[in-house]
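Take a look at the structure below.
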Number of protein chains: 2
Amino acid sequence: MNIGEIARRSGVSRSTVSYALSGKRPVAEETRRRIQAVIDELDYRPNAAARALKEGRTRTIGLVIPPASQRLTDVQLGFVASVVDAAARADLDILLSPSGGEHDRSFERVVTGSRVDGVILMEIRLEDDRVARLRRSGLPFVGIGHTSRSDEMTWVDIDYETLMARCVRHLADLGHRHIALVNRSAELVAAGYGPSHRAQLGFTGALAERGLQGVQVCCADDAQAGRSCVERLLAAHPELTAIATINEAAIPGMYRALTHARLAVPGDFSITGVAARHWAENLHPPLTAADILADELGARAVELLIQRISDPDAPFRHLLVAPPISLRETTGPARSRADRP
Amino acid sequence: MNIGEIARRSGVSRSTVSYALSGKRPVAEETRRRIQAVIDELDYRPNAAARALKEGRTRTIGLVIPPASQRLTDVQLGFVASVVDAAARADLDILLSPSGGEHDRSFERVVTGSRVDGVILMEIRLEDDRVARLRRSGLPFVGIGHTSRSDEMTWVDIDYETLMARCVRHLADLGHRHIALVNRSAELVAAGYGPSHRAQLGFTGALAERGLQGVQVCCADDAQAGRSCVERLLAAHPELTAIATINEAAIPGMYRALTHARLAVPGDFSITGVAARHWAENLHPPLTAADILADELGARAVELLIQRISDPDAPFRHLLVAPPISLRETTGPARSRADRP
DNA sequence: TCGATTGCTCGAATCGGTTCGACTGAACTT
DNA sequence: AAGTTCAGTCGAACCGATTCGAGCAATCGA
């Protein structure tokens, strides 16, 4: 069922069929109709590989996600969903690559072999081999997140530094003097994960600005870890009255630790952070948090990638977003734990 | 940077390079090394489109997911993750298609145009146009879920009927006599969504078996709806002491409605259902539920698809899984609401 | 009326691989 | 010594599209 078959059945040459389909040269209306009839009858569709081979582009973009074995956070899922959605609207297909370690076959396949016209890269570290690999390959790409050399590529990112500073200032305004930052896993932080690093900066910066005390801890990305982490925090730092966190996955466990310690939220203890809106709203009680607008960010990444593909020599562009904190039900005036009835 | 360039630089013909790479004919060790050196130096990778064109297969499978705009449940995400993972292990790439309505361009592109070697279809309805479309196209495919004519295709599915029956029996064993089934959205049920329909069967079957009373309601797939749905249920049916549900997304709202009505779980009211393990464990309190083993199911779907691709004429195969209920903290002995202190 | 333009179509080249048939020596049989 | 086998290599055909140059009529402008 190839173009030759269509040509034969409609009594024209293969090139005429091609022109009838693409409209790149005039074709007599009568001829066009005849060809279309045959196409409809046989339900013909041009072979994508042949077209890609000749045209030198695939109308497909690669989306590099964290390895599937590792559970994605709601924010990450939001990125994926919005990228997929935006790509579909632009009539682009998405090739998914769960990229893990160093020499990942899936990543290699996507980056090399002219499989895609461009790549969107998620979960970027401050020093990221994949960025180097992509730059070497010459393939257009856009990061959701960025490395320590922020001008070496086009990216969109969440401004974790500003967001965390806002969380701290919000808590400070409520009278909290001793705040803990619960970061993401020690491995991520050690690996130079950008959001963790920038959240630290925002945290320490805002503490200094308000002359407050703070402790920072790492916590694996799951509820279990969140619970034991907070239990340890409460025991070691009786003066704490609030937590700020970027560790979405650990939050349910943190809630549980507080409940278990008979600390009412927000009466006795405040907690705030950065999370996907749905997630924050569905918590019990709903979390006061900076709502990450994953939808917008993913769509913008696709947009920027399309621009890069059409003009690979244009200067790199950057987009940093910092949504305001949505007040819900987990932050309130500070009350020393020692004062509790 | 094509195979001709490699051939020229290593002083052999293009076919020899091809054979050196594929090993399909013997190549002198010395020649092979020379070719490999040139390939390494130039970082050459065969063009995927050219290969696909000649070989007639793409080493890529399509994964048709619900439209991205519609939030995926944790169970669905589990399917996606496990399919992606299993495909990566089998060195297959994944082309993602968020398929929505009738004539969806993304779905059409994936199904036609020889873009993929096979398709995995999620969220199948009892009557599903996409199944018909795929059957007509002749493309091998495997469903996660199945239609009303279960023998027209290969599929894997969760045995919602058995699971729901187990939930009801579990509640009955605890003494509950009046149980509500909270199904998924009215649109889905009306559209003939398989899991909803089968859950109904299991529910009514088990009720009859134990001689119990029950009510069934539909509920949109979000927390807000879950809350108002349960509020209405409690008001309209004071005799209810337990809920069984397959509506994962609505559960947080249902918890909230119960809390708001001052019904302790599981002291005053029991709730159980079908959910992803992580999700159930992270709820507060953790949900007694049949844990859906999304990981296994997705991997099996990939496995069956690979088999179908290699032998398209083999008979269809089916896999129905029904994991047992994991007892957590949301079901307990029935206590009439009228008896409450 | 003649040359130029325009509309429409065809044939051939091309994209970058894979694969088949054929050829050449060298090694092995008998 | 003649015939077989086999490792190793090459050239050409092929997969299914797109696109360029060219050709032929019909129409236009001068």
Side-chain angles (χ1 to χ4, degrees), chain A residues 1-36 38-39 42-60 93 108-109 111-117 137-139, chain B residues 1-36 38-39 42-60 93 108-109 111-117 137-139:
Chain A
M1 196 78 61
N2 54 24
I3 198 172
E5 180 74 14
I6 306 298
R8 198 170 327 115
R9 296 216 192 197
S10 29
V12 297
S13 73
R14 302 192 306 148
S15 44
T16 300
V17 175
S18 179
Y19 288 126
L21 247 45
S22 71
K24 295 193 179 173
R25 280 196 191 175
V27 169
E29 182 53 25
E30 143 71 14
T31 313
R32 210 196 51 69
R33 253 200 303 272
R34 210 168 58 236
I35 293 172
Q36 192 57 51
V38 176
I39 287 177
L42 271 63
D43 197 24
Y44 161 80
R45 294 284 184 289
N47 179 298
R51 173 176 284 176
L53 175 57
K54 185 70 206 336
E55 290 189 333
R57 58 177 185 148
T58 56
R59 299 161 193 272
T60 303
D93 284 320
E108 275 303 309
R109 279 201 307 270
V111 172
T112 62
S114 317
R115 225 171 261 271
V116 298
D117 298 337
S137 78
L139 204 58
Chain B
M1 195 77 62
N2 54 23
I3 199 173
E5 180 73 13
I6 305 298
R8 198 167 330 114
R9 297 214 191 197
S10 27
V12 296
S13 73
R14 302 193 307 148
S15 46
T16 301
V17 176
S18 179
Y19 288 127
L21 248 44
S22 70
K24 295 192 178 173
R25 278 196 192 177
V27 169
E29 183 53 26
E30 144 71 13
T31 313
R32 209 196 52 69
R33 253 200 303 271
R34 210 169 57 237
I35 293 172
Q36 191 57 52
V38 176
I39 287 178
L42 271 63
D43 198 23
Y44 161 81
R45 295 284 185 290
N47 180 299
R51 174 175 282 174
L53 175 57
K54 184 68 198 354
E55 289 190 334
R57 60 179 182 144
T58 58
R59 299 163 193 273
T60 302
D93 285 320
E108 274 303 309
R109 280 201 306 272
V111 172
T112 61
S114 316
R115 223 171 262 271
V116 297
D117 297 337
S137 79
L139 204 58

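Both backbone and side-chain heavy atoms feed into the values below; hydrogens, waters and symmetry mates do not. Numbers restart at 1 for each chain; the letters A, B, ... are given by sequence-line order, proteins then strands.
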key: Separation of atom CD1 in A:I3 from atom C1' in C:dC10, rounded to whole Å   = 13 Å
inquiry  = Using the side-chain heavy atoms of B:S13, tell me which of these nucleotides is nearest: D:dC20, D:dC10, D:dA17.
reply    = D:dC10
task = Side chain of A:R51 only, please: which of D:dT18, D:dG16, D:dT9 is the nearest?
result = D:dT18
query = A:N47 has an atom CG; how far is it from atom C1' of D:dC14, in whole Å?
reply = 13 Å
request  = Apply side chain to side chain contact (heavy atoms under 4.5 Å, CB included) to the pair B:N2 and B:N47, showing each step before the final yes or no.
outcome  = CA-CA 8 Å; B:N2 54 23; B:N47 180 299; over 6 Å; no
ask   = What integer distance in Å separates B:L21:CG from C:dG16:P?
value = 16 Å
note = DNA chain D nearest-nucleotide lookup for B:E55 and B:T16: closer to the 5′ end is B:T16
ask   = Can you tell me how far P of C:dT18 sits from CG of A:L53, to the nearest Å?
value = 12 Å
ask   = How long is the line joining NZ of B:K24 and P of C:dG21, in whole Å?
value = 15 Å
message = Can you identify which nucleotide, out of C:dT18, C:dC10, D:dC10, has its nearest atom closest to the B:S15 side chain?
response = D:dC10
inquiry  = Under 4.0 Å, heavy atoms only, any strand: does A:P26 hit a base, just the sugar-phosphate, or nothing?
reply    = base
query = For A:G11, which contact category applies under a 4.0 Å heavy-atom criterion: base, sugar-phosphate, or nothing?
reply = sugar-phosphate
request  = Starting at atom CZ of A:R115, determine the distance to atom P of C:dG17, rounded to an integer number of angstrom.
outcome  = 12 Å
ask   = For the pair made of NZ in B:K54 and C1' in D:dA17, what is the distance, rounded to whole Å?
value = 15 Å
key: Nearest-angstrom distance from the residue atom CD1 of A:I6 to P of C:dT9   = 17 Å
inquiry  = If you only use heavy atoms from C-beta on, which nucleotide in C:dC20, C:dT18, C:dC10 is closest to the side chain of B:Y19?
reply    = C:dC20
query = Want to settle it: does A:R14 or A:A28 sit nearer the 5' end of DNA chain C, counting the closest nucleotide to each?
reply = A:A28
inquiry  = Taking atom types as they are modelled, would you say the side chain of B:R25 forms a donor-acceptor pair with the base of D:dT9 within the 3.5 Å cutoff?
reply    = yes
task = Kindly calculate the angle separating the two end axes of the helix from C:dT1-D:dA30 to C:dT30-D:dA1, each obtained from five base pairs, and round it to 10 degrees.
result = 40°
